[in-house]
Amino acid sequence: MQPLERGLLVKRSHHCSELSLSHIGQTVTLAGWVASRRDHGGVIFIDVRDRYGLTQIVFDSEENAPLHATADRLRNEYVIAITGTVSVRPEGSENPHLPTGSIEIRAKTLELLNEATPLPFAIEDDVHASESLRLQHRYLDLRRPKMQQLLQLRSQVSHLTRNYLHAREFVEVETPILTKSTPEGARDYLVPSRVNPGEFFALPQSPQLFKQILMIGGMDRYFQIARCFRDEDLRLDRQPEFTQIDLEMSFVDREDIMQLIEDLIRLIFKETKQIDLPNPIPRLSFEESMGRYGTDKPDLRFDLPLQDLCQFAKTCDFQVFRRAVESGGMVKGLIIPKGAAFTRNRIDNLIDTAKEFGAKGLAWVKISDEGQLDSSIAKFLKTEALRSALPSANPGDLLIFVADQAAIVHQVLGRLRLLLGEELQLIDRTRWEPLWVIDFPMFEYDEESQRHVALHHPFTAPHPDDRAFLDSQPLQAKTLAYDFVLNGFELGGGSIRIHSPSMQEKVFDLLKISKVEAREKFGFLLDALESGAPPHGGIALGLDRLIMLLGQTESIRDTIPFPKTQKAQCLMTHAPSTVSPEQLQELSIRTTAKKPTATP
RNA sequence: GGGUGCGUGGUGUAGCCCGGUUAACACGUCUCCCUGUCACGGAGAAGAUCGAGGGUUCGAAUCCCUUCGCACCCGCCA
């Protein structure tokens with residue numbers, strides 16, 4: 001079937017959301033996709049859709065029989081241009097759900113710009129198609145208004161960010177995509193170098209070192225909307241390539257950076273969604289956050305805090321509790337409101353879940369509506385002692401306890417807290433609860449490699465009060481790092497950096513990065529630090545996650561026009577793919593995979 | 001690397017536990033009818049090797065094994 005009419009492209013005079021009663025009588029031209037066709041015999045209604053909206057077109061057989069006949073052949077997703085007269089809809093036939101619902105276009109000419117085969121799925125906001133089908137036909141998925149809005153939201157946020165930072169003297173600088181593999185951190189994506197056989201570039205996990213070098217280079221204020229690459233397994237909120245709003249400043253302290261970012265994020269929420277975030281944004285120390293919520297990215301949309309029972313445990317008769325505390329661990333619990341109604345089976349499931357999360361067990365106590373205790377460990381508990389240890393527990397509640405080393409207690413209860421918050425619908429989806437988490441420890445001890453590893457990254461400056469700890473008790477040392485958390489998602493993090501070469505060497509030393517390795521991997525940074533490095537610091541915000549939260553969509557993939565599946569593949573292009581033996585040869589590469597090369 | 005769930009016309013699902021005529025429903029598609037619809041309506045039609053392979057059985061969408069794909073999670077993500 002040939003297009004009905006082909007000629008010079010008629011230019012549109014308006015888009016599909018802007019015509020209203022004030023345009024009545026005007027001759028206009030619209031262009032777009034056929035969103036729906038309602039054929040009443042003598043009259044055909046076409047909704048034409050573009051990025052902006054929908055407009056109804058009317059083809060009337062009495063007005064123009066040949067044109068009506070051609071409109072009969074239109075199908076969904078055909079691309080058309082229509083010229084016609086803007087008319088008032090007959091009384092009673094207005095559509096209040098449509099911005100253009102009080103008018104329609106009475107068609108005079110129709111140009112068929114392209115046809116379309118029947119679609120694998122319908123273009124509508126309320127998708128019924130599976131995500132793999134959507135990703136295979138992403139060009140169709142992107143036509144959905146919801147996807148268009150998300151991409152526009154993303155553009156709007158980038159634009160606001162650029163304007164905001166430019167207005168504050170930031171310079172947008174591009175850093176290399178082909179760069180050097182570094183130890184620590186995530187697995188690198190590698191790119192072979194043809195002219196240097198056997199050698200590889202790495203794609204940047206972040207522009208971290210380059211932005212520090214830019215400060216040393218005197219740029220003073222840098223930013224970039226930067227693509228980052230990490231070859232780790234994917235999650236709902238994790239893609240192998242993602243985008244950060246990345247910035248760095250010289251001659252600032254952490255207050256300067258946190259203030260700058262708070263204002264930016266408040267601006268973004270206000271301008272795009274008319275949401276007022278708190279001012280100032282609350283802060284929690286890492287220690288408080290772990291102690292109260294069992295995580296360094298707490299979801300503050302619901303409370304359900306961890307309860308400390310160490311004092312109670314010390315004096316109770318239950319050996320498991322007492323020993324945990326006596327051996328340097330702790331006992332903490334959750335008060336589950338109305339949890340006394342849980343069945344034994346549901347409690348058993350909770351226990352299994354706790355074990356999956358790493359607990360050795362989970363003790364529980366039901367407080368009946370009459371205030372009686374029913375418990376797995378009833379014979380060890382004195383009612384009075386327990387009630388005075390947990391004054392906020394009420395009749396009808398369920399108490400659960402984990403006794404172990406602090407890290408395990410916090411991990412298990414932190415996750416149970418989230419799980420229960422979800423299950424018991426304690427999370428208020430209309431709330432926005434940002435916070436800063438500060439005063440992170442500098443290091444944690446990694447049992448596997450038997451050494452300290454940086455909690456943030458090895459360029460993070462220690463807190464000035466804690467420098468003395470670096471030699472004596474490095475695990476006690478805190479940093480000048482800060483994480484921005486919103487509704488339980490880590491949206492960004494940064495720090496004041498080390499600008500003294502001796503401090504940087506000391507930290508490499510503590511991380512057991514040898515002088516030789518430090519020189520080989522970071523020699524340029526060490527040299528640069530010795531050349532007159534200004535005090536500096538910065539932050540990076542995850543743009544994709546920000547859009548996901550702001551756009552209230554359930555997956556990071558909805559915020560990325562062409563995302564990867566959980567196996568890090570693109571279902572539309574079928575990347576990654578095998579390559580020809582010639583390509584590999586040129587790169588001096590031989591693979592050990594079963595399907596190493598493309599079949600010709 | 002591991003765990004869980006899903007896979008049935010173009011799409012979304014039911015059927016699967018407990019094997020048994022022609023695999024059901026909705027949407028979409030096609031044909032015809034219809035001058036005020038916007039989830040248009042009416043009449044009819046086409047369309048499925050039940051993800052793939054193997055096994056058990058007289059008989060498998062259904063039970064078993066293997067495998068592939070997608071999702072969620074653990075590990076991993078300085």
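Chain A is the first sequence line, chain B the second, and so forth, proteins listed ahead of strands; every chain is numbered from 1. What's counted below: heavy atoms across the whole structure, side chains too, no hydrogens, waters or symmetry copies. Remember, predicted model here, so these are calculated numbers, not experimental data.
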Any side-chain donor paired with an acceptor under 3.5 Å for Tyr222(A) and Gln224(A)? yes

Rounding to an integer number of Å, can you tell me how far Leu140(A) CG sits from rG10(B) C1'? 12 Å

Candidates rU11(B), rC73(B), rU31(B) - which lies nearest the side chain of Leu133(A): rU11(B)

Name the closest nucleotide to the Arg106(A) side chain, picking from rC70(B), rG36(B), rA71(B). rG36(B)

Nearest to the side chain of Thr565(A), heavy atoms from C-beta on, is which of rG10(B), rC70(B), rC30(B)? rC70(B)

Base-pairing mate for rG12(B) - Watson-Crick or G-U, with both contacts under 3.5 Å: rC25(B)

Searching all strands shown, indicate the nucleotide that pairs with rC6(B) (Watson-Crick or G-U wobble; both distances under 3.5 Å). rG69(B)

rA71(B) versus rG28(B) - spacing of their P atoms, nearest Å: 28 Å

Compare side-chain N and O positions of Arg557(A) against OP1 and OP2 of rC72(B) and report whether any pair is under 4.0 Å apart. yes

Is there a side-chain polar atom (N or O) of Ser130(A) under 4.0 Å from OP1 or OP2 of rG12(B)? yes

Please state how far atom CD1 in Ile123(A) lies from atom P in rG10(B), giving the value in whole angstrom units. 18 Å

Just N and O in the side chain of Gln569(A): are any of them under 4.0 Å from OP1 or OP2 of rC70(B)? yes

Under a 3.5 Å distance rule, please check whether Glu422(A) uses its side chain to pair with a backbone N or O of Leu419(A) as donor and acceptor. no

Residue whose nearest RNA chain B nucleotide is more 5′ - Glu131(A) or Glu91(A): Glu91(A)

G-U wobble or Watson-Crick pairing nucleotide for rA60(B) (cut-off 3.5 Å, both distances): none

So, using side chain to side chain donor-acceptor pair (under 3.5 Å) as the criterion, who are the partners of Arg89(A) when residues are at least two apart? none

Measure CZ/Arg415(A) against C1'/rC73(B) and give the value in whole Å, please. 9 Å

Pull out every residue in residues 232-244 of chain A that has a heavy atom closer than 4.0 Å to any atom of RNA chain B, ordered by number, or say none. Glu232(A), Asp233(A), Arg235(A), Leu236(A), Arg238(A)

For nucleotides 37-47 of chain B, 5' to 3', base contacts (B), sugar-phosphate-only contacts (S) and non-contacts (-) with protein non-hydrogen atoms under 4.0 Å give BB-B-------

Among the nucleotides rU11(B), rU35(B), rU31(B), which one has an atom lying closest to any side-chain atom of Ala129(A)? rU11(B)

More 5' along RNA chain B: Gln205(A) or Val58(A), using each one's nearest nucleotide? Val58(A)

So what's rG44(B) paired with, Watson-Crick or G-U wobble, going by both distances under 3.5 Å? rC30(B)

